[in-house]
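Worksheet: one structure, shown below.
Protein chains get the first letters and strands the later ones, always in sequence-line order, with residue 1 at the start of each.
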Amino acid sequence: MTIISLIKSCKHKSHLFQLHSFLLRSSHLYNPTIFLAFLSRLALPPLRDLSYSGRIFSEFPDPNVSLYNTMIRAHSFSRDSARKGFHLYQELVSSGISSNALSASVAVKCCTKIKSLCNGMQVHARIWKDGFLSDGLLLTTLMDFYSYLEKGDDAYKVFDEMSERDVVAWNVLITCYTRNGRTRDALALFDKMTNSDTCRPDDVTCLLALQACGSLNSLEWGEKVHNYILEQGLINARNVCNSLIAMYSRCGCVEKAFEVFKQLVDRDVISWTSMISGLASNGYGRDAIEAFKQMQREGISPGDQTFTGLLSACSHSGLVDEGRMFFQAMSRDFGITPNVHHYGCMVDLLGRAGLLHEAYEFIRSMRIKPDAAMWRTLLGGCRIHGNVVLGERVVEHLVELKAQEAGDYILLLNIYSLSGNSEKVMEVRKMMKDKGIQTTPASSTIELKGKVHEFLANDVSHPMKKEVYEMLAEINQQLRIAGYVAEITAELPNTLPKGKAYALSYHSEKLAIAFGILSTPPGTTIRVAKDLRICADCHNFSKILSAVYNRKLVIRDRSRFHHFQDGRCSCNDYW
DNA sequence: CTAGGGTTAG
């Protein structure tokens, strides 16, 4: 008994090693209970040592289920070892030792890590055979497995067949919805839980709901969840507060995010990172940098995502020198090796600032292989600065990666169009047609009374389409009086027979804005989220609209926010 | 016979 508590109290691997030789000498190690305690300490985090524990496990004369389970679990923590974990499970199953529900649970976990549907289904079949289907914990793991592999229907099926469902099972179901593009259903589920008396939302449920609100740009929903959190006294949970900060930031309300941040007493890296990223994406680059400095003064060390936020702050605000400095400091002073996101921010930073060749050289000098997203970022820079030569070269890289998408050709098209090369524009158009490149229409969403309305480019599906189009015509007229001229760029993928200017006025964001003007009283801020990048014309349109209609307008792009007010935009020339 | 397993925010 004392030996087991001794094992449990080991804080360092070296202590465990010392203990190991003692246990060997005193032959305590052949006691299965003691051996299990020792193995668990050595194989599981925080002291996890796979090779050492693997060796003593394989040397143990007659391993039992628990020892196997511990080893399988030990392998389930990382992608690299999870395959081995699954093999151990197979070994266990064929060894004649009877496996239990826990064995299946940790095996499923391994399958999730290696993303192997077929292995997971094998385990599922075994669970069925062994009659473990009444084990809630095991089924929750299984649900998470299907959800992670984007097999939503299979996850729902498991949920359906569960006899008892606790909060965690519900939470996994919500996660499954958000992961598989059913964000609105996730919120509906949250609602259902608040009204049920059997399964009330806990902190994790709230955090998942907030995540959904953030991705839908649904401020009203977010506030509703916030109220629920206050009512239930969940506001003291740090994970909930951190999610609130992220939600408000993602809805374009940095002020509210900051309020939550201020009231949070024990801020961790995630709190700071959320705040920094929120400030960054909303155009407060300098404040993001200040926050970063304050964070260090308070003794919180930054993580890799903190730098992603910080570098994107620099790129969105055009702070080139600062960005370069932080990028260097990151590995030099903080020991964080740059990842794709960091490199991407730097390419964006240099590209937006017009240092296109430097950006190109930067990509070539990277220690990782550039992915399509990286080249696309540079292509965006070429688009802003109208660099045809480099743009063509970048597209070649994308072709080489076999990753060209419709959006890439559209960007190239824009670049040609900007330089007035209409022949090339036609050529690209033809090429897209020949290659059969499908363009999915852009989408913009706007929330009204808790309901999210979606508009596509040239949309005719909305129930209020007639009013919306009439409103847009009226807005166009009003804006023209104020000097708005539709900018003819070739942004639109789907060319309509009636010509560009026509098509241009039916961009999805304009429809959403018209709907917003139509259905909210004057003075209400209009919040629109768009899945792609806002185009120059819509940007200009929004600027003038904010003055003429005296409205605040917040548009969330695929990467950032545009706050329009009094004829100006928060991002100035860096659109 | 013990113990040991599930969701989660940047």
From [options], nucleotide with atom closest to [X] side chain:
| X | options | value |
| --- | --- | --- |
| A:D268 | B:dG10, B:dT2, B:dA9 | B:dA9 |
| A:N171 | B:dG4, B:dA9, B:dT7 | B:dT7 |
| A:V269 | B:dG6, B:dG10, B:dA9 | B:dG10 |
| A:A101 | B:dG5, B:dG10, B:dT7 | B:dG5 |
| A:T33 | B:dG5, B:dT2, B:dA9 | B:dT2 |
| A:N239 | B:dA9, B:dG10, B:dG6 | B:dA9 |
| A:S243 | B:dA9, B:dG10, B:dG5 | B:dA9 |
| A:N100 | B:dG4, B:dG10, B:dT7 | B:dG4 |
| A:V204 | B:dG10, B:dT7, B:dG5 | B:dT7 |

Is [X] touching bases, backbone alone, or none of the nucleic acid, heavy atoms closer than 4.0 Å?
| X | answer |
| --- | --- |
| A:A37 | nothing |
| A:T306 | base |
| A:V106 | nothing |
| A:I276 | nothing |
| A:Q305 | base |
| A:D166 | base |

For the residue pair A:R55 and A:Y52, would you count it as a cation-pi contact if the rule is NZ or CZ under 6.0 angstrom from the ring centre and within 45 degrees of the ring axis?
yes
Aromatic A:F77 / basic A:K113 pairing, under 6.0 angstrom, 45° off normal
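No, A:K113 does not sit over the ring of A:F77.
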Please determine if a side-chain N or O atom of A:R179 lies less than 4.0 Å away from the OP1 or OP2 oxygen of B:dT8.
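The answer is yes; a side-chain N or O of A:R179 sits under 4.0 Å from OP1 or OP2.
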Under 4.0 Å between a side-chain N or O of A:K109 and OP1 or OP2 of B:dG4?
no
Taking the six-membered ring for Trp, is the centroid-to-centroid distance between A:H28 and A:F38 below 6.0 Å?
no
Distance flag, aromatic centroids of A:F35 and A:F57, threshold under 6.0 Å:
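No, the ring centres sit 6.0 Å or more apart.
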I'd like to know if [X] reaches the base of [N] with its side chain such that a donor and an acceptor end up less than 3.5 angstrom apart.
| X | N | answer |
| --- | --- | --- |
| A:S274 | B:dG10 | no |
| A:D135 | B:dG5 | yes |
| A:S66 | B:dG4 | yes |
| A:N69 | B:dG5 | no |
| A:T141 | B:dG6 | no |

Take the protein atom [atom1] of [X] and the nucleotide atom [atom2] of [N], then report the distance between them rounded to whole Å.
| X | N | atom1 | atom2 | result |
| --- | --- | --- | --- | --- |
| A:L207 | B:dG10 | CG | P | 8 Å |
| A:D202 | B:dT8 | CG | C1' | 9 Å |
| A:F145 | B:dT7 | CZ | P | 14 Å |
| A:L133 | B:dG6 | CG | P | 19 Å |
| A:N31 | B:dT2 | CG | P | 16 Å |
| A:L138 | B:dG4 | CG | P | 17 Å |
| A:L67 | B:dG4 | CG | C1' | 11 Å |
| A:Y68 | B:dA3 | OH | P | 23 Å |

One thing to verify: whether A:D557 and A:K530 come together as a salt bridge, which I'm taking to mean a side-chain N less than 4.0 angstrom from a carboxylate O.
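No salt bridge links A:K530 with A:D557.
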Cationic N near anionic O, under 4.0 Å, A:D144 to A:R179:
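Counted as a salt bridge, because a side-chain N and a carboxylate O are separated by less than 4.0 Å.
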Identify the residue among A:H563, A:E255, A:H316 that makes a side-chain hydrogen bond (donor to acceptor under 3.5 Å, both in side chains) with A:N282.
A:H563
